[in-house]
Number of protein chains: 2
Amino acid sequence: MRTNPKSLLIGTLAIACFSVFPAWSAGLDMEKVERQVVQQHDASVQRLQEWIRLPSIAAEDIGFPEGPEHMASLLRDVGFEPVRLIETTGKPGVFGTLDAGAEHTLGVYFMYDVKQSVPSEWESPPLAANLLDKPGLGKIVMGRGAVNQKGPELAFLEAVRAIRDSGQSLPVNLVLVAEGEEEIGSPNFGEVVFDPEVQEALAGTLGVFMPSAAQGRDGTVTVNLGAKGVIEVQLIASGERWGRGPGKDVHSSLKAMIDSPTWRLVKALDTLVSEDGNTITIDDYPEPRPLTEAEEAMIAQAALRRDEDGLKELLSTPHWIDDLPFEQALARLMSQPTVNIEGLVAGYTGPGGKTVLPHRAEAKLDLRLVPPMKADAALAALEAHLARRGFDDIEVIMSGGYDPTSTALEARLIQAQLTVLEAAGIDPILMPRSAGSYPGYIFTGPPLNLPSAHFGLGHGSGAHAPNEYFVIESANPNVAGWDGAVLSYVAYMEALGQ
Amino acid sequence: MRTNPKSLLIGTLAIACFSVFPAWSAGLDMEKVERQVVQQHDASVQRLQEWIRLPSIAAEDIGFPEGPEHMASLLRDVGFEPVRLIETTGKPGVFGTLDAGAEHTLGVYFMYDVKQSVPSEWESPPLAANLLDKPGLGKIVMGRGAVNQKGPELAFLEAVRAIRDSGQSLPVNLVLVAEGEEEIGSPNFGEVVFDPEVQEALAGTLGVFMPSAAQGRDGTVTVNLGAKGVIEVQLIASGERWGRGPGKDVHSSLKAMIDSPTWRLVKALDTLVSEDGNTITIDDYPEPRPLTEAEEAMIAQAALRRDEDGLKELLSTPHWIDDLPFEQALARLMSQPTVNIEGLVAGYTGPGGKTVLPHRAEAKLDLRLVPPMKADAALAALEAHLARRGFDDIEVIMSGGYDPTSTALEARLIQAQLTVLEAAGIDPILMPRSAGSYPGYIFTGPPLNLPSAHFGLGHGSGAHAPNEYFVIESANPNVAGWDGAVLSYVAYMEALGQ
């Protein structure tokens, strides 16, 4: 920590976490910024609702080119100049810079795409972006992308706007890259980041951060020093590729004389994990490194501070794997790779039954990776395993993936977070990494070798699930609402600019 | 065979298989019937199209009560009196009688329901019932139910109509039972058949036959002396019932600390069959009896006469199980029970992936049974197996099922078929049973203990698959078209009435 600010109370108005601003905030007139944040509040929230109503979903090819064009216009609107779309093999990226004449430059990573949604599963339509009152939370915006990641991202852009519209200069210059394929594993994000102009701009930054809602429902903030990697793959057994079984769905009575590609998939899947489904049994699979003492200490602290019962209730999960105590369950979450089945689909999937022998069966898997595992090596091991076990006809389609990513506690991108949080009176929980994944490796790995992290106050939940939300007016004084989230980014830029 | 008719040529007009009628046809003036069949042809085909356009699908609760009401009106229209709907726990049955003052009474079994269909998979919409020209076949009607079973059933009713409208009496009285749940395994058909009035009426019949298109594409007729039984079951693993894993879909990264009901289902499925998916490994599962010498002889004959290459092409199947030669593959088809996966569904089933850990996974199975296996015993063995292997949380929902059924070659219901076929110059292939299933056991088992069989000329294909069709105007003189199919039922009733 570079300064020693006096400790601050969270504002009694939940709309603003930072009713008094830290002593080290010498560059900005924070009162002016706060007034501006409050003044633009309604328009800001409307901009978020409009954005949620314009989904871009790469898996379903929905919302292109409207999504990247809207992303670019959001950037231009707060002062990025120039802003340009970067075409890729897949969906376009968006690149923008904002030169404030500051000493330091901050890299920013955005995704403008969102996960699919099934409207019938939601309390309020996923693209309606309705403002609702949720008991215990306050006023929320509900919609696909609310927390993952449009809410936090737009709050960051509103911080940039508020500084400008209060007549002041940003404490840092900005270099922003956005992609539209995060939810399918960022298969083409390298084509954005390694565009010569983009790469050169990023190389000059302190590191690359992604806005996120880091507060739990109780206001707790978690700072993750990295993220797991992931590969998403589809395993497909078919009569066509196998050369056995039918090449189209046939009557199920024929099973007595015709092989079944669906049974073949089941038998192949069975070889990937132990009987309880929890230990990977892929031959010669990359191994994770053990947790360090420092990581174990972080996890022990986290287990004491996090609300295990609340988490179990939130996840509708009565027991962790092997009935582990919370600390060991968290250690497993941090340290272990996974092979998860996201979906199964074969033959008839409607209500009741239908007597067919399907010609095709598919499993959708995601495999999470921890250091020093690499996405390429995990995929290669999976393919070699299937081949060695005689399943080389099973098609393996990798739709995307990331290596794991780590950033040192000492990095300025992390230390500035701790400064801001301390100033706000928040004692964060440090974790070795997030169990989720994002393509931070593209910044932390060669050739850029930069720090990368997430940051932002505010709370939301339901990423990849129904009823995703982000808190707008918080009912809990320990949880930042929209204005508090915006101000947390003002403070973060201010701390990084020192 | 009770008569020794002179052998007949199939009519050179494909519209009528029986341009000259057998000598034993003493009761009916066949010329008059033939003229009437030709005269009512267009109206008959329109009635079939109308029926196809009114689907009843029990699995999706579509087409009730319109389906049974239409079935009843079709029966009344050709002279059944009285006709009544019989309410059941599920969908209604339909019961009708036609007293022609004849010596013998024929039982008839109809299903008025059809299988589901996915319109995007069809060349012509499944409910359009379009008349199309198919190379090599002639003019067909394409639609769901065309061959399974509305086409053959309506052809039978048109035979009844043609005899009446040619001013003659039916050679046999009729007792007809129809159900609307055949495609979900006839779970409530007992409530129809064992209605006291229905049971008494059926008990006085020669046996119960179901109209069917018994001709292959080349005109070959197969006479099956029974059918396999079946149970259809859904196996469902869920966090809710297991008490482990999530009670709702959660983010897939949590797999590192939360159990997966989907993996549990995969592991349970894996125990049901051998590595190649072809041998049942359910503990203490009922055993089939070996084929008799007579059955083996039938199969050997069938293997010589059936077109193996054509069948493989029709089924898009390059190899039978274990690369068996045709005769052994057919023996396997006749003699072996199966455990088939009709469908798998868990978590995300759309395009690409979605990073969820699903709370529920379902496999839809159908298990075919051969004598002396019983549906109840097969289900009990499956449930006991799962419990013994520790999978007693996996829900087993049996949506319906039948015991296998057998009818003796000597039964009048079979011998009359042979008489008609010989008269038509057709040498049928005899088979121990059909590999498919129908609820014949309800007639052949106690208390009725009647013969039961399928019969009918004509050709169609695509039951339970896209592009289901039934031939209306045949391009092949060896294959009966619509009028030939109608006349085959006239001849069958005539032979049975002797």
Side-chain angles (χ1 to χ4, degrees), chain A residues 59-60 116 184 232 243-244 246-253 255-260 262-264 266-267 269-270 273 275 277 315-321 329 332-333 336 338 340-349 351-357 361 364 366 368 399 435-436 463-465, chain B residues 59-60 116 184 232 243-244 246-253 255-260 262-264 266-267 269-270 273 275 277 315-321 329 332-333 336 338 340-349 351-357 361 364 366 368 399 435-436 463-465:
Chain A
E60 297 177 345
Q116 304 94 312
I184 59 167
E232 273 195 272
R244 307 195 66 81
K248 62 181 183 187
D249 289 3
V250 297
H251 195 279
S252 67
S253 62
K255 179 66 199 75
M257 67 195 294
I258 298 182
D259 295 284
S260 164
T262 308
W263 275 123
R264 187 156 179 79
V266 167
K267 292 292 174 178
L269 288 173
D270 181 65
V273 298
E275 279 307 296
L315 300 172
S316 303
T317 300
H319 302 280
W320 309 124
I321 281 174
R332 203 180 191 294
L333 184 68
Q336 295 304 305
T338 62
N340 176 60
I341 301 178
E342 303 175 342
L344 289 176
V345 55
Y348 176 68
T349 59
K354 184 177 170 190
T355 46
V356 293
L357 164 51
K364 298 164 188 290
D366 70 305
R368 304 272 165 182
S399 54
H464 300 196
Chain B
E60 297 177 344
Q116 304 94 310
I184 59 168
E232 273 194 272
R244 307 196 66 83
K248 62 181 183 186
D249 289 3
V250 297
H251 194 279
S252 67
S253 62
K255 179 65 198 76
M257 67 194 295
I258 297 181
D259 294 285
S260 163
T262 308
W263 275 123
R264 188 157 179 79
V266 168
K267 292 292 174 176
L269 288 173
D270 182 65
V273 299
E275 279 308 296
L315 300 173
S316 303
T317 300
H319 303 281
W320 308 124
I321 281 175
R332 205 181 190 292
L333 184 69
Q336 294 305 305
T338 61
N340 175 60
I341 300 178
E342 303 174 341
L344 289 177
V345 55
Y348 176 68
T349 58
K354 184 177 169 190
T355 46
V356 292
L357 164 52
K364 299 165 189 289
D366 70 303
R368 303 274 164 183
S399 54
H464 300 196

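A, B, ... follow the sequence lines: proteins, then strands. Residue 1 opens every chain.
Looking at heavy atoms from C-beta onward, B/Leu344 lies in side-chain contact with A/Thr262 at the 4.5 angstrom threshold.
Note: B/Ala256 leads B/Ala256, B/Gly347, B/Gly247 in heavy-atom pairs under 4.5 Å with chain A. Of the residues considered (A/Asp259, A/Asp249, A/Thr338, A/Val345), A/Asp259 shows the highest number of contacts with chain B, using heavy-atom pairs under 4.5 Å. Put simply, of A/Ala59, A/Gly277, A/Ala346, A/Gly353, the one with the most heavy-atom pairs under 4.5 Å next to chain B is A/Ala346. In terms of heavy-atom pairs under 4.5 Å with chain B, the best-connected choice from A/Arg264, A/Gln336, A/Gln116 is A/Gln116. Your options are B/Ala463, B/Ser260, B/Ala361, B/Ser252, and the one with the most heavy-atom pairs under 4.5 Å with chain A is B/Ser252.
The two atoms that bring B/Asn340 and A/Trp263 nearest to each other are CA-NE1, 4.1 Å, heavy atoms only. Closest heavy-atom contact between B/Val266 and A/Asp270: CG1-N, 4.1 Å. Nearest heavy atoms, B/Gly436 versus A/His251: CA-CE1, 4.5 Å. Taking each heavy atom of B/Glu60 and A/Pro351 in turn, the nearest pair found is CG-CG, 4.1 Å. Heavy atoms only, all atoms of each residue included: A/Ser253 and B/Leu333 are closest at O-CD1, 3.7 Å.
When heavy atoms are compared at a cutoff of 4.5 Å, A/His464 approaches chain B by way of both its backbone and its side chain. Neither the backbone nor the side chain of B/Ile184 comes within less than 4.5 Å of any heavy atom of chain A. Only the side chain of A/Arg368 comes within contact range of chain B, with at least one heavy atom under 4.5 Å from a heavy atom of that chain. In this structure, chain B has heavy atoms under 4.5 Å from both the backbone and the side chain of A/Lys255. Of the atoms belonging to A/Glu232, it is side-chain heavy atoms, and not backbone ones, that fall under 4.5 Å from chain B. Of the atoms belonging to A/Val250, it is side-chain heavy atoms, and not backbone ones, that fall under 4.5 Å from chain B.
At distances below 3.5 Å, not a single donor-acceptor pair connects side-chain atoms of A/Lys364 with backbone N or O atoms of B/Tyr348. One N or O on the side chain of A/Glu342 and one on the backbone of B/Lys354 form a donor-acceptor pair closer than 3.5 Å. At distances below 3.5 Å, not a single donor-acceptor pair connects side-chain atoms of A/Arg332 with backbone N or O atoms of B/Met257.
Checked against salt bridge (charged side-chain N to carboxylate O under 4.0 Å, His left out), B/Glu275 has the following partners two or more places apart in sequence or in another chain: A/Lys267.
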*Start with the C-alpha gap between B/Leu315 and A/Ile258, add the side-chain angles, then the distance that decides, and say whether side-chain contact (heavy atoms from CB on, under 4.5 Å) holds.*
CA-CA 9 Å; B/Leu315 300 173; A/Ile258 298 182; 3.8 Å; yes
*Yes or no on side-chain hydrogen bond (donor to acceptor under 3.5 Å, both in side chains) for A/Thr355 and B/Asp366, after CA distance, side-chain angles and deciding distance?*
CA-CA 7 Å; A/Thr355 46; B/Asp366 70 303; 5.9 Å; no
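Side-chain contact of A/Thr317 with B/Arg244: a donor-acceptor pair under 3.5 Å is absent, judged by distance alone.
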